[in-house]
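Reading through the structure tokens given below for one structure.
First listed ligand is number 1; within each ligand, the first listed atom is number 1. Treat the numbers as computed from the prediction; the structure is a model and nothing was measured.
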Amino acid sequence: MERESLEMDVVFVGAGPANLSGALHLARLVADHNDGVANGKRAGKPLGEIQIAVIEKGASVGAHILSGAVMDPRGLAELIPDFVDRGAPLETPVKQDHFLYLTKKRAIRAPITPPPLKNHGYYIVSLNRLTAWLGEQCEAAGVNIFPEFPGAEMLYDERDCVVGVRTGDKGIDAEGNPKDNFEPGVDLRAKVTVLGEGVRGSLTKKLIQRLGLDKGREPQIYSLGVKELWELPDDRYPAGRVTHTLGFPSDQWTYGGGWIYGMQNRILNLGYVTGLDYRDPLIDPHAEFQRFKTHPFVAKLLSGGKMIRYGAKAIATGGLHAVPQLYADGVLLVGDSAGFLNGARLKGIHTAIKSGMLAAEAIFDALVAHDFSAGKLQSYEQRVKESWITPELRRYRNFHAGFRHGRWLGMVNAGLQYITGGRAWGIFDRDHQEAGHEAVQKLSVYGYQGDDFAQRYKDLRFDGALTFNKVTDVYHAAVAHDEDQPAHLHVLDKNICATRCAEEYGNPCQRFCPAAVYEMVADGDGPRRLQINFSNCVHCKTCDIMDPYQIINWVTPEGGGGPDYKGM
Ligand SMILES: Cc1cc2nc3c(=O)[nH]c(=O)nc-3n(C[C@H](O)[C@H](O)[C@H](O)COP(=O)(O)OP(=O)(O)OC[C@H]3O[C@@H](n4cnc5c(N)ncnc54)[C@H](O)[C@@H]3O)c2cc1C
């Protein structure tokens with residue numbers, strides 16, 4: 001097959017805050033350098049025109065971006081100091097912080113907000129909108145942005161140096177044959193490729209495995225955030241109020257918590273995070289969120305309102321111990337792909353932006369030196385160590401480990417972490433952290449009979465007013481995939497599904513997926529078989545993370561397919 005090959009200087013894979021910040025900063029560094037050399041203020045040679053490309057699998061920049069989000073403006077203020085005057089789409093400054101402990105019936109407000117959750121002076125944002133705006137800033141600076149271009153494969157030379165990325169083919173039918181509109185993917189060759197695919201990037205995962213970039217690091221651990229936007233009938237919840245909750249509906253062995261943010265125009269933004277290191281095999285993070293809304297405090301807030309948007313996405317909460325090596329020959333990792341999210345604060349936008357900027361500075365030096373080897377690019381990792389990212393993550397490095405011992409010890413540990421600057425001893429030490437999917441227990445350990453959901457969620461009904469089933473929710477994520485293409489969820493051994501997995505775990509994919517992609521269906525009198533409704537997929541990556549046998553491989557579908565997270 002003939003493939004087009006395009007020569008770029010730098011290719012950023014993924015148009016998230018990390019990569020867009022990196023591309024913008026790099027374009028400006030190059031322009032400043034060229035101007036400086038031209039007017040004699042800077043030594044050296046001009047770099048000439050440097051081709052910078054950002055590719056994005058979504059139909060537009062921001063389409064696949066889902067976050068909370070309360071943004072610590074530190075990163076954006078370094079990238080664009082006058083971001084407010086330049087019209088960055090900020091919903092509202094945070095004016096009030098509430099922290100609630102939820103029992104089954106009551107909401108108890110803590111007299112003080114835990115320090116990591118103090119957000120006064122920060123901004124509530126729709127990260128979808130903010131990202132789209134960053135994309136515009138990039139284009140104005142001369143960066144080429146290609147939406148609908150998924151990075152499908154890394155390109156390596158014979159020495160295993162990364163030399164670019166191959167984008168996905170278009171127009172392949174469900175059987176793998178080319179259709180009339182077939183277009184082969186393009187080889188984008190680059191001196192440096194930056195992976196900013198967000199959490200559990202499909203290329204990042206393979207690159208880390210291939211080059212052993214996680215050697216000596218702890219395994220990454222994840223949570224899943226499930227979210228809805230509601231239109232309220234009145235001003236009962238002010239814009240700028242941020243509420244975080246602990247307690248109901250999580251059991252004490254499951255890491256979890258809720259958020260409720262007041263946006264403009266009576267839009268309420270609420271969601272629930274469930275740790276993907278849960279043990280009970282019947283846990284369903286979407287159901288946990290639906291139960292959260294049935295709490296009297298939350299249900300009252302939502303009464304008379306209307307759900308308008310839905311989405312879900314994984315969060316990398318492993319922290320500093322799980323950050324892999326950030327560079328190799330011709331490649332860098334930024335943002336959530338590098339694991340820079342601060343789990344205690346549930347914040348990763350500011351570190352994503354900063355990491356993109358640091359990557360840009362390292363790439364700029366490499367361009368000047370004409371050296372794109374790991375030896376040169378390692379200055380990026382050094383920059384990260386010397387920046388504010390590392391002390392921030394170090395301070396909370398053992399935060400998540402405490403929750404392995406239940407909610408109360410987790411909270412004690414979180415307090416100690418804060419006082420001691422992140423130190424931990426004994427059971428709170430983060431060493432030997434198990435990857436999330438290793439924590440889930442078999443049905444028999446919990447005494448469950450089969451996989452009947454009602455054994456855990458007895459009282460949960462989907463009434464279509466306050467609580468919604470997955471299919472209804474997915475409709476509100478505006479997901480679209482061309483159905484005549486190969487499924488992008490590769491189950492490497494389907495025999496396990498109907499036999500071992502059904503028996504041992506009751507096919508947990510049906511529950512951990514928040515978009516009803518996986519369904520065990522009856523096939524005559526024979527055993528049930530796995531049906532993959534891939535067109536529902538919201539690209540949250542949970543299946544790739546959580547499958548107990550690690551046999552689900554998420555790869556990019558045809559470009560443009562996926563959710564449309566407008567306003568999320
Ligand atoms: C539920 C939830 C709540 C959160 N709340 C907050 C909060 O309140 N405050 C905060 O600061 N942070 C929050 N975060 C974290 C924050 O959203 C992330 O840290 C941040 O978005 C990371 O930016 P990124 O650029 O690394 O990745 P992302 O924002 O994930 O962007 C990655 C982009 O790359 C694209 N992509 C992925 N793979 C490919 C590929 N192979 N080819 C082409 N394109 C690709 C994706 O479609 C996406 O557009 C939250 C996250 C979640 C999920």
Should the pair [X]-[Y] be classified as a salt bridge under the 4.0 Å nitrogen-to-oxygen rule?
| X | Y | answer |
| --- | --- | --- |
| Glu153 | Lys206 | no |
| Lys57 | Glu148 | no |
| Glu228 | Arg309 | no |
| Lys118 | Asp97 | no |

Closer than 4.0 angstrom: is that true for some heavy atom of [X] and an atom of ligand 1?
| X | result |
| --- | --- |
| Gly271 | no |
| Gly196 | yes |
| Phe340 | no |
| Pro17 | yes |

Here's one to test your reading of the geometry: is the NZ or CZ of Lys293 within 45 degrees of the ring axis of Phe289 and under 6.0 Å from its centre?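 Judged by the rule (NZ or CZ under 6.0 Å from the ring centre, within 45° of its axis), Lys293 counts as positioned above Phe289.
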
Can you pull out the closest protein heavy atom to atom 28 (P) of ligand 1? Residue, atom name and distance to 0.1 Å, please.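 Answer for atom 28 (P) of ligand 1: Lys313 NZ, 3.8 Å.
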
Who's the nearest protein heavy-atom neighbour of atom 5 (N) of ligand 1, and how far?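 So the nearest neighbour among protein heavy atoms is Gly68 N, 3.0 Å.
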
At a non-hydrogen distance cut-off of under 4.0 Å, which region of [X] contacts ligand 1 (side chain, backbone, both, or neither)?
| X | answer |
| --- | --- |
| Leu127 | side chain |
| Asp336 | both |
| Ala314 | backbone |
| Ala18 | both |
| Thr131 | neither |
| Ile349 | both |
| Val13 | side chain |
| Ala15 | backbone |
| Phe149 | backbone |

Stepwise, does the side-chain contact (heavy atoms from CB on, under 4.5 Å) test hold for Lys227 with Tyr310? CA-CA 6 Å; Lys227 165 177 178 181; Tyr310 170 78; over 6 Å; no

Over 60° means perpendicular and under 30° means parallel, so classify the ring planes of Tyr123 and Phe83, tilted if in between.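 Ring orientation, 0 to 90° scale: perpendicular.
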
Taking the inter-plane angle between the rings of Phe399 and Tyr255 on a 0 to 90° scale, is it parallel (under 30°), tilted (30 to 60°) or perpendicular (over 60°)?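 Ring orientation, 0 to 90° scale: perpendicular.
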
Return yes or no for this condition: an N or O of Thr556 is under 3.5 Å from an N or O of ligand 1.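 Such a contact does not occur with ligand 1.
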
Polar proximity ligand 1 side, Glu56 side, N/O cut 3.5 Å exclusive: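 So ligand 1 has an N or O lying under 3.5 Å from an N or O of Glu56.
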
Does Phe182 have more than 12 heavy atoms from other residues, nucleotides or ligands lying within 6.0 Å of its CZ?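 Atom CZ in Phe182 is packed in, count exceeds 12.
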
Surrounding NZ of Lys566 (heavy atoms of other residues, nucleotides or ligands, distance under 6.0 Å), is the total greater than 12?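 No, because the 6.0 Å sphere around NZ of Lys566 holds 12 heavy atoms or fewer from other groups.
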
